Amino acid sequence: MNRSRSSWDKKAPQPPVTRLTRSSSSQARHSDPAELQDSGPSPYGKQRKKQTDSALAQDLSQMSVSGQDGVPTSKGKMSKGPQPTGSRSRGGLASVSRLVKLGRCKNVVVVAGAGISTASGIPDFRTPGTGLYANVEKYNIPYPEAIFNIDYFSNDPQPFFSLAKALYPGSHRPNYIHYFIRMLHHKGLLLRMYTQNIDGLEKVCGIPDDKLVEAHGSFATASCHLCYTPYPAEEAKHAIMNDNVPICTFCAATVKPDVVFFGEDLPQKYFLHTEDFPKADLLIIMGTSLQIEPFASLVNTVRSTVPRLLLNRHAVGPFEKVPLRRNDHMELGDLADTVRRFAEMLGWSNEIEELMSQETVSFTTSVSSSPSVSGQMPCQSTSNGLMSRGASEPQGRMETSRSRPGAQTAASSGSEETDSETDSKSTASSSPSN
Ligand code: CNA
């Protein structure tokens, strides 16, 4: 993990991956999507591309247009725009299911957030009432973001360590949503999963390491928060679980799990996105508010012809802007329910159930009597205005987006078409109950 803040801030030669990121983003932003598709590492040639786009357009034009004057957004407002008509099966799920079944989605990228783990009993950040931001009093911190603020941690690590005790992997089990993603891999369709989560449930459910990017780090390793000297993760865990503070053997500063805090750099593996997103032929966005940069802007870096499917309780990010972009689809409601329906449409339900029942997850219970999680994760927030990069291209340090729609538009590195071009080839539906 490259989380040396000083190296990013001060050293002249940046790691090659950093330059690659900017170069790639720039290319995506300024290139014609067709050129990008043809010249990039995409498996499609020119001829194939024309056929694919044509067939895709035909498929999508036959789909029912969602439409709605009442899609709930992450801000709790109702967006104006196309209303979902007909049953939910005619919405985004059906459209995308059809493409998958037709074999048109073989490089699927999944972008996920805390919402995929709420069904495992781990609260997210922002859900009113249950999220960390609604339950910070117990940690005795001045503002919610402090718990994942590296400077605050430097002065007082206890709030984060209290939270960490509840979050250390071993206390929770993967749910149907995780296994659905694993099934994508099993079917040979998963190019990569990019998760913001630090609960480790993706690995527990069997998504292999080479298919997974834990963009906000994990508890699997630990190091000094000042000099970055590695520290044995198990020893750090043992200390934290016993209300002790792990101390760096080199500089005596506090050790922390390699969870990315607000203001820290993301792991180098994150920069695989410069290769993956141009290759993607389907982007599935699940359970995230898309509030954390640079992660949030990743969704704007797929080619403009690539279908994007949002599965969430609310419209978020570019899906808050209506009408939706061409080939954007969303299915709003409880994620576990939605994913089950998705699996049914794909004909994968039995296989997933079988996988779950057969799975002998080596569920480490070393975290005895884990505290109930009433808050969670690392990162950052918006309200204090800390490091909002806003209209930036995806870079390497974690921040919070201040203004979603604006940030999305400007941060869009997929193409100019990303947020401006809309037509009937987008679908949205929402569960009446949500
Ligand atoms: P967030 O900002 O809390 O957003 C979560 C999103 O998921 C919201 O839009 C919710 O409406 C939605 N959601 C939650 N539950 C459901 C559900 N059952 N059905 C449908 N939608 C649902 O969290 P993000 O992931 O966007 O924020 C990124 C932060 C949160 C990352 O840095 C994470 O490390 C951090 N986080 C991680 C975990 C975890 O590892 N499980 C938990 C909490 C926070």
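One-based numbering, in listed order, for ligands and for the atoms of each. If you read the sequence from its start, that first residue is 1, and numbering goes on from there. This one's a predicted model, so the numbers in the text were calculated from it and none came from an experiment.
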For ligand 1, which atoms sit closer than 4.0 Å to a heavy atom of [X]?
X      : answer
Ala114 : 23 (O), 24 (P), 25 (O), 36 (N), 37 (C), 38 (C), 42 (C), 43 (C), 44 (C)
Gly287 : 5 (C), 6 (C), 7 (O)
Gly115 : 7 (O), 13 (N), 14 (C), 15 (N), 16 (C)
His314 : 11 (O)

Please report whether ligand 1 has a polar contact with [X], defined as an N or O pair separated by less than 3.5 Å (distance criterion only).
X      : result
Asp199 : yes
Gly113 : no
Val316 : no
Ala336 : no

Answer side chain, backbone, both or neither: which part of [X] comes under 4.0 Å from ligand 1, heavy atoms only.
X      : value
Ile122 : side chain
Ser117 : side chain
His216 : side chain
Gln291 : neither
Asp334 : both

Nearest non-hydrogen contact with atom 17 (C) of ligand 1 belongs to which option: Met286, Arg313, Glu331?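 Comparing heavy atoms across Met286, Arg313, Glu331, the nearest one to atom 17 (C) of ligand 1 lies in Arg313.
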Proximal candidate to atom 15 (N) of ligand 1 [heavy atom criterion; set Ile285, Thr118, Leu311, Thr195]: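 Residue with the shortest heavy-atom distance to the ligand atom: Thr118.
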Would you say the ring centroid of Phe161 lies under 6.0 angstrom from that of Phe153? yes
Do the side chain of Gln196 and the main chain of Ala215 share a donor and acceptor less than 3.5 angstrom apart? no
Check whether any side-chain N or O of Tyr168 sits under 3.5 Å from a backbone N or O of Phe219 as a donor-acceptor pair, and report yes or no. no
Mark yes or no: Arg325 above the aromatic ring of Phe319, with NZ or CZ under 6.0 Å from the six-membered ring centre and no more than 45 degrees from the axis. no
So that I can tick it off, tell me whether [Y] and [X] are bridged by a salt bridge, with the cut-off set at under 4.0 angstrom between side-chain N and carboxylate O.
X      : Y      : answer
Asp334 : Arg313 : yes
Glu202 : Arg182 : no
Asp209 : Lys203 : yes
Asp243 : Lys165 : yes

Whether the Asp265 and Tyr270 side chains hold a donor-acceptor pair (N or O, under 3.5 Å, no angle test) is what I'd like checked.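 Note: Asp265 and Tyr270 side chains miss the donor-acceptor criterion.
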